Amino acid sequence: MHGEYKVPGGKLVVVDVEVTDGVLRNTRVAGDFFLEPDEALDAVNHALNGAPADLDAAGLAARIDAALPEGTVMYGLTSAGVAVAVRRAVARATDWSDYDWQLIHEGPQPPALHMALDEVLTAEVAAGRRPPTLRVWEWGGPAVIIGSFQSLRNEVDPEGAERHGIEVVRRISGGGAMFVEPGNTITYSLSVPESLVQGLSFQDSYAYLDDWVLGALGDMGIRAWYQPLNDITTDQGKIAGAAQKRMVGPDGGPGAVLHHVTMAYDIDADKMLDVLRIGKEKMSDKGTRSAKKRVDPLRRQTGLPRETVIERMIDSFRARYGVSGGEVTGEELSRARELARTKFTTPQWTARVP
């Protein structure tokens with residue numbers, strides 16, 4: 001069994017392992033990390049050998065930590081990262097390079113149709129009728145996108161939304177409300193087979209699926225990182241929020257993961273605060289007094305046009321994993337339009353949590 005995992009902000013960890021009678025055997029850890037002293041690698045392999053094959057990542061990491069020689073120093077490597085690579089090997093997880101990725105970047109669409117496209121395209125990936133897909137959105141109008149489980153009345157001021165012509169839609173993933181305006185927002189979705197994130201915890205899968213974006217931001221001079229669970233942030237403030245939805249495959253088989261991210265390229269903070277109801281508890285949780293200070297747009301941090309930022313993000317993805325141009329098929333678009341009409345624009349869905 002073979003597993004790979006790139007430690008967020010670190011290096012690649014590769015694990016080859018066998019499972020015999022329910023325990024790990026012949027474990028071999030490798031990668032482009034740095035580790036001192038040399039014998040620490042033997043200690044890691046020894047700690048993993050004999051471990052129960054169903055031991056979770058936390059348990060594997062604890063075995064590694066207990067076995068490391070005193071004074072061990074890891075560069076680009078963590079015990080948790082090794083443990084995740086082991087879990088991915090045992091789970092027979094796939095890798096980015098196992099797929100022919102498709103890019104969809106089409107013209108502006110209504111907010112509700114974007115919600116429907118996410119659902120339809122990810123269901124197609126789960127069914128095996130569509131390759132893993134990166135979709136970059138263009139917004140057809142301003143909107144507030146609330147999470148699947150958020151209370152509509154708690155999150156949105158209806159008078160403010162009406163005053164500014166803001167459409168309110170509910171997405172299928174969890175997480176918090178996002179304020180978006182065409183030209184001020186960068187949004188993308190990844191619709192990927194569930195096997196790509198096998199062996200990863202829910203939390204780890206966020207950073208794993210966005211590592212290419214952190215690399216692109218770094219190339220643009222922005223040192224960004226994940227603030228668990230789902231914020232991408234810099235020392236200047238939050239720049240993006242991510243959310244996920246897991247979908248089962250046909251007949252309950254292996255499914256797919258929808259991972260989407262909204263990034264603030266620019267923002268009208270006064271308008272946002274006139275539309276969103278941002279509670280004191282959220283401000284306290286984020287360690288800031290001002291909602292305006294919570295988000296620091298990419299326009300100021302990069303000094304680049306929005307289109308250039310998007311191009312560099314796509315270039316980063318292409319350089320790492322390869323991607324070819326694609327489009328939403330006529331059948332997919334027809335299904336998405338019907339879903340937008342019957343679900344995402346209805347009061348029953350939008351106010352399902354009043």
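Residue numbers count from 1 along this sequence. Scope of the values below: all heavy atoms of this structure, side chains included, with no hydrogens, waters or symmetry mates. All values reported here derive from a predicted model rather than from experimental measurement.
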Rounded at 0.5 Å granularity, tell me how far CZ in Arg170 sits from CD in Gln348. 12.5 Å

Between the OG1 atom in Thr350 and the CD1 atom in Ile146, the distance rounded to the nearest 0.5 Å is 7.0 Å

One pair to check against side-chain contact (heavy atoms from CB on, under 4.5 Å): Leu48 and Val82. What are the steps and the verdict? CA-CA 10 Å; Leu48 293 171; Val82 175; 4.0 Å; yes

How are the rings of Trp96 and Tyr321 set to each other: parallel, tilted or perpendicular (split at 30° and 60°)? parallel

Aromatic plane relationship, Trp139 with Trp137 - under 30° parallel, 30 to 60° tilted, over 60° perpendicular: tilted

Neighbour count above 12 (heavy atom, 6.0 Å) for [X] [atom1]:
X      : atom1 : result
Arg163 : CZ    : yes
His2   : NE2   : yes
Arg306 : CZ    : yes
Glu162 : CD    : no
Glu331 : CD    : no
Arg300 : CZ    : yes
Lys245 : NZ    : no
Arg246 : CZ    : yes

Walk me through it: do Leu229 and Gln244 pass the test side-chain contact (heavy atoms from CB on, under 4.5 Å)? CA-CA 11 Å; Leu229 170 68; Gln244 288 186 3; over 6 Å; no

Arg135 and side-chain contact (heavy atoms from CB on, under 4.5 Å): which single residue from Ile104, Leu103, Thr187, Leu190 fits? Ile104

Provide the closest heavy-atom pair for Glu119 versus Phe344 in the form atom of the first, atom of the second, distance. OE1-CZ, 3.3 Å

Say whether [X] and [Y], considering side chains only, have a donor N or O and an acceptor N or O under 3.5 Å apart.
X      : Y      : answer
Arg63  : Ser79  : no
Arg171 : Ser173 : yes
Thr329 : Arg129 : no

Can we say Arg312 and Asp315 salt-bridge, meaning some charged N sits less than 4.0 Å from an Asp/Glu carboxylate O? no

Should Glu332 and Arg335 count as an ion pair when the cut-off is N to O under 4.0 Å? no

Leu134 and Trp212: CA distance, side-chain angles, deciding distance, side-chain contact (heavy atoms from CB on, under 4.5 Å) verdict: CA-CA 12 Å; Leu134 166 65; Trp212 63 278; 4.1 Å; yes

Take Val213 and Met263 through the side-chain contact (heavy atoms from CB on, under 4.5 Å) test and state the conclusion after the steps. CA-CA 11 Å; Val213 173; Met263 313 180 81; 4.0 Å; yes

Do any side-chain atoms of residues 28-37 form donor-acceptor pairs under 3.5 angstrom with protein atoms, and if so which ones, sequence neighbours left out?
{"residue": "Arg28", "atom": "NH1", "partner": "Asn26", "partner atom": "O", "Å": "2.7"}
{"residue": "Asp32", "atom": "OD1", "partner": "Leu12", "partner atom": "N", "Å": "2.8"}

Under 3.5 Å: donor-acceptor pair, side chain of Asp266, backbone of Asn184: no

Which of these passes side-chain hydrogen bond (donor to acceptor under 3.5 Å, both in side chains) with Thr234: Gln301, Arg223, Gln227? Gln301

